[in-house]
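One-based numbering, in listed order, for ligands and for the atoms of each. Along the sequence shown, residues carry numbers from 1.
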Amino acid sequence: MQYRATLIPGDGIGPEVVDAAVRVVDAAGVRIEWERVEAGADVFLKHGTAMPDEALNSIRKTRVALKGPIGTPIGGGFKSANVLMRQALDLYACVRPIRTLAGLPSRFQNVDFIIVRENTEGLYSGLEHRVAPGVVESLKVVTEVASLRIARYAFELARGQGRATVTAIHKANIMKLSDGLFLECVRRVARDYPEIAMKEMIIDNCAMQLVTKPEQFDVLVMDNLYGDILSDLGAGLVGGLGIVPGSNIGLECAVFEAVHGSAPDLAGKNKANPTAVIRSAAQLVGHIGERSAAERIEKAVAAALADPRNHTGDLGGKATTKDLTDAIVRHLAD
Ligand code: ATP
């Protein structure tokens, strides 16, 4: 079976780690014809947008993409290509599994939870304006429709994976209307899933609990900004940004990408950890129906990382991007 998928190398370390992932998918015997399209900072200079229509149309056509990170300028500059893509394709659910990998040094063992992040609204609405000199407003948009569908996604995911609990993360004590609506929507959806317990936790308490007792968490559902921040925190619990994969899921398309950004400090040096993008590619492979190949890639990654000689700099080792990729490819052939 030959599949088609869109490939966006992205900025910074993107091209290196995406190439590594393509090699691994190939070595796993999954035949994908990749439609390579450009997006990112250089594309902005040429086309005036970091996420051109050509890239979006390719994803609309193939319905599935592997995407490298795209940097976003701080303060000014162009609008985030990642946010543009998620909104344009209505990729409403961002799913990030945070799990300790055997053999990999990390602060905690037995961490196994999933962050389900609402991906289309909240403080990422892009509605910011200057009211008067020295006064700006940034609008947090919360809708019933988007909150109900992300809640349903979280409970369906929990049901599909036989998980026991969905925790809604919020700050409804302060943002009584916006986070209050989000929380109410999760409560309403929870009634349809009597076998799954629903818990509620205020975001600041959640941050503290995550760094003291992360083993307690199962599925967490939250708004856009909380999900962005807690994803990086979660990555830190299990080995860092180089490890954690992610997916952006919509009704029509799905885009797989790591939690990390473009890490310009490491770009072009063959030093980046390709694990997060390789594991994102494994999720893509599972998504298109090649579940056993996806599992084989996950196992090969775990086997390679169990040997400290394959650890890249972020994990305290000296291996290059290529060394670690070679090791994963070797384990796939075992
Ligand atoms: P962006 O603006 O695209 O978000 P950034 O550098 O601000 O880029 P990240 O790329 O998410 O943010 O990461 C912060 C730091 O974490 C990087 O500077 C890098 O040192 C480290 N890092 C991130 N991803 C990796 C990786 N795959 N391998 C090794 N180190 C990484």
Q) Could you go step by step and tell me if Val25 and Leu284 meet the side chain to side chain contact (heavy atoms under 4.5 Å, CB included) rule? A) CA-CA 10 Å; Val25 169; Leu284 181 154; over 6 Å; no

Atom pairs and distances, ligand 1 N/O vs protein N/O under 3.5 Å:
unit_1: ligand 1; atom_1: 3 (O); unit_2: Ser262; atom_2: N; d: 2.7
unit_1: ligand 1; atom_1: 3 (O); unit_2: Ser262; atom_2: OG; d: 2.9
unit_1: ligand 1; atom_1: 8 (O); unit_2: Ser262; atom_2: N; d: 3.4
unit_1: ligand 1; atom_1: 10 (O); unit_2: Gly261; atom_2: N; d: 3.2
unit_1: ligand 1; atom_1: 10 (O); unit_2: Gly261; atom_2: O; d: 3.2
unit_1: ligand 1; atom_1: 10 (O); unit_2: Ser262; atom_2: N; d: 3.4
unit_1: ligand 1; atom_1: 10 (O); unit_2: Ala263; atom_2: N; d: 2.9
unit_1: ligand 1; atom_1: 11 (O); unit_2: Gly261; atom_2: N; d: 2.6
unit_1: ligand 1; atom_1: 18 (O); unit_2: Asp265; atom_2: OD1; d: 2.8
unit_1: ligand 1; atom_1: 18 (O); unit_2: Asp265; atom_2: OD2; d: 3.1
unit_1: ligand 1; atom_1: 20 (O); unit_2: Asp265; atom_2: OD2; d: 2.9
unit_1: ligand 1; atom_1: 27 (N); unit_2: His260; atom_2: NE2; d: 3.3
unit_1: ligand 1; atom_1: 27 (N); unit_2: Asn273; atom_2: O; d: 3.0
unit_1: ligand 1; atom_1: 28 (N); unit_2: Asn273; atom_2: N; d: 2.9

Q. Under the 3.5 angstrom rule, does the side chain of Glu118 hit a backbone N or O of Thr120 as a donor-acceptor pair?
A. yes

Q: Compute both the distance and the angle, then confirm whether Arg117 meets the cation-pi test with Tyr124: under 6.0 Å from the six-membered ring centre, within 45 degrees of the axis.
A: yes

Q. Minimum heavy-atom separation for Ile150 to Val221, with atom names?
A. O-CG2, 4.0 Å

(Q) Quick check on the 6.0 Å ring-centre criterion: do His287 and Phe256 meet it? (A) yes

Q.
Applying salt bridge (Lys or Arg N to Asp or Glu O under 4.0 Å) to Asp179 and Lys171, what does each step give before you reach the verdict?
A. CA-CA 6 Å; Asp179 280 25; Lys171 190 78 186 175; over 6 Å; no

